[in-house]
2 protein chains.
Amino acid sequence: MPKNKEKPAENKLNFETSLGEGVHSQLKDAIREGRYSPGERIREAEVAVWLNVSRTPVREAFRRLQSDGLIILTPWRGAQVAELDRNQVVELYAMRRVLEGTAAGFAALHATDAEIDYLFELLRQDEIAKGDPAVQANLNRLFHETLYAAARNRYLLKASNALADSLALLRSTTYEIPGRPDTARQEHLLIVNAIKEGNSDKADLFARAHIEKATQARLALLFEE
Amino acid sequence: MPKNKEKPAENKLNFETSLGEGVHSQLKDAIREGRYSPGERIREAEVAVWLNVSRTPVREAFRRLQSDGLIILTPWRGAQVAELDRNQVVELYAMRRVLEGTAAGFAALHATDAEIDYLFELLRQDEIAKGDPAVQANLNRLFHETLYAAARNRYLLKASNALADSLALLRSTTYEIPGRPDTARQEHLLIVNAIKEGNSDKADLFARAHIEKATQARLALLFEE
DNA sequence: TTTTATTGTATACAATATAATACAATTAAG
DNA sequence: CTTAATTGTATTATATTGTATACAATAAAA
């Protein structure tokens, strides 16, 4: 029996170009939003009835997802959402540490006053949203997006986007961990203060430390349960 | 009159998938190798006769190159190889500084003895190739590739590849500048020594300094002639 | 202004990809 | 061993794309 993979609203339809492409993006969203979890099997027929197409475009979408690294296709067992092994997670976070640090450092040099105010505002809202991890996770996303925008470097954005798909595989938020949202907010505050000071090295350092802590939380969540 | 854009060997033919794709990769190579220089106009008909196809696949290739950011299409004036303005060059090198520093830092942690030996060997060959900028530029490329491989981080590679196209736009080597190859070799030596010591921070720092110098050379080459 | 070079647009036909369906092969469960 | 569920494969018709060609529109040069 198919579980509830469906989004409430204008689901089902997608005619940008080909059906295969539509299925691809729908499944990508589903994985990104955690409606399919890592390791879970994705059945062709199930997706086909869900999106009201035949199995052929689903299979085409599977091939794309495989080359994205989002699923693993094995003969006669079909598709499973990819799982990152410990090494991959470590490598991924090592890179995130570099990129977030860079973003913070660059932002310290280039952020406008409005952007800095907005970052503080996001932290205030985060304080208010205490106890609602979903809202907090969303505010967290906004925070990091604003940081990257304030960095004023289109190539930093490109580099970051190159990692987005892989990051989607572990989007089950660390904000579920008790106490994590509060420490995260404090870490963010240090970063924004450094940006306000215009101290690039300090912002870089605090951002790296922040991701370092996030890495620990992530690894604990994944491999030591 | 069409200039000599042709490669000597097995040119003309390319049938991987579609003609448009073939034209796209041929033009990409041509730009990367400097057979078309930034700002230069690319005429549809010229490319068509060169590669022995009609204008239609050439136009399709143009659209791809545009979305790669390699050419600029303006109505009724067609395609010109994109030029990076000073800002873009600065942003690009800022990112290169980060990525090369990271690669060197990671390499200090993960490089094998064989890889370190190979890096030294490349520098020896560079010493021998004195006075031959073409060979030296190639050795330089090998050096950086080896560095990235030794860093053992697939996401660093992804991030780096995301910038590759833009970098191609300024591949007219800085090695033409008198004295530049020698200083570059010395800077490389500092990096490899730090890697051999396993000193990650030092390797990172020296690599950043190296790119910093390269940036100066590049900007001087581009904007102060 | 007239001419020429070059790009944009339209058309026609062939080639290919897409999508649905039916059926065979394989695995895992009973 | 048999059966049920699921994936791989093959076959079709249809839609889309690729390609070449001819012609119109535009811009730059004479």
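Residue numbering restarts at 1 for every chain, and letters A, B, ... go by the order of the sequence lines.
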A.B. asks: What is the distance, rounded to the nearest whole Å, between atom CH2 of A/W76 and atom C1' of D/dG8?
C.D. replies: 4 Å
A.B. asks: Strictly below 4.0 Å: does B/T56 bring a side-chain N or O up to OP1 or OP2 of D/dT19?
C.D. replies: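 Checking B/T56 against D/dT19: no side-chain N or O falls below 4.0 Å of OP1 or OP2.
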A.B. asks: In whole angstrom, what separates B/R41's CZ from D/dA28's P?
C.D. replies: 8 Å
A.B. asks: Please report, rounded to the nearest Å, how far the P atom of C/dT6 is from the CD atom of B/E40.
C.D. replies: 13 Å
A.B. asks: How many whole angstroms separate atom CD1 of A/I42 from atom P of D/dT6?
C.D. replies: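 My rounded result for the distance is 14 Å.
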A.B. asks: At less than 4.0 Å, is any side-chain N or O atom of B/S54 found next to OP1 or OP2 of D/dA20? Yes or no.
C.D. replies: yes
A.B. asks: Any non-hydrogen side-chain atom of A/R64 less than 4.5 Å from a side-chain atom of A/L70?
C.D. replies: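 In short, these two side chains do not touch, never coming nearer than 4.5 Å.
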A.B. asks: Rounding to a whole Å, what distance do you find between A/E44:CD and C/dA25:C1'?
C.D. replies: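 Roughly 14 Å, once rounded to whole Å.
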A.B. asks: Does A/R59 put a side-chain nitrogen or oxygen below 4.0 Å from OP1 or OP2 of D/dG8?
C.D. replies: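 The answer is yes; a side-chain N or O of A/R59 sits under 4.0 Å from OP1 or OP2.
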A.B. asks: Classify the side chain of A/R77 versus the base of D/dG8 as yes if they form a donor-acceptor pair under 3.5 Å and no if they do not.
C.D. replies: no
A.B. asks: Report the residue from A/L109, A/T112, A/L157 that forms a side-chain contact (heavy atoms from CB on, under 4.5 Å) with A/R152.
C.D. replies: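 The passing option is A/T112.
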A.B. asks: With a 3.5 Å cut-off and no angle check, do the side chains of B/D68 and B/H24 form a donor-acceptor pair?
C.D. replies: yes
A.B. asks: Using 0.5 Å steps for rounding, measure from the CG atom of A/L163 to the CG atom of B/L156.
C.D. replies: 9.5 Å
A.B. asks: In terms of the nearest nucleotide of DNA chain C, which residue is placed more toward the 5' end: A/V53 or A/P75?
C.D. replies: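 It is A/V53 whose nearest nucleotide is closer to the 5' end.
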A.B. asks: May I have the distance from A/N52 (atom CG) to C/dA20 (atom C1'), rounded to whole angstrom?
C.D. replies: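 Distance, rounded to whole Å: 12 Å.
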A.B. asks: Between C/dA20, D/dA20, C/dT9, which nucleotide has the shortest distance from any of its atoms to the side chain of A/P57?
C.D. replies: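 Looking only at side-chain atoms, A/P57 lies closest to C/dA20.
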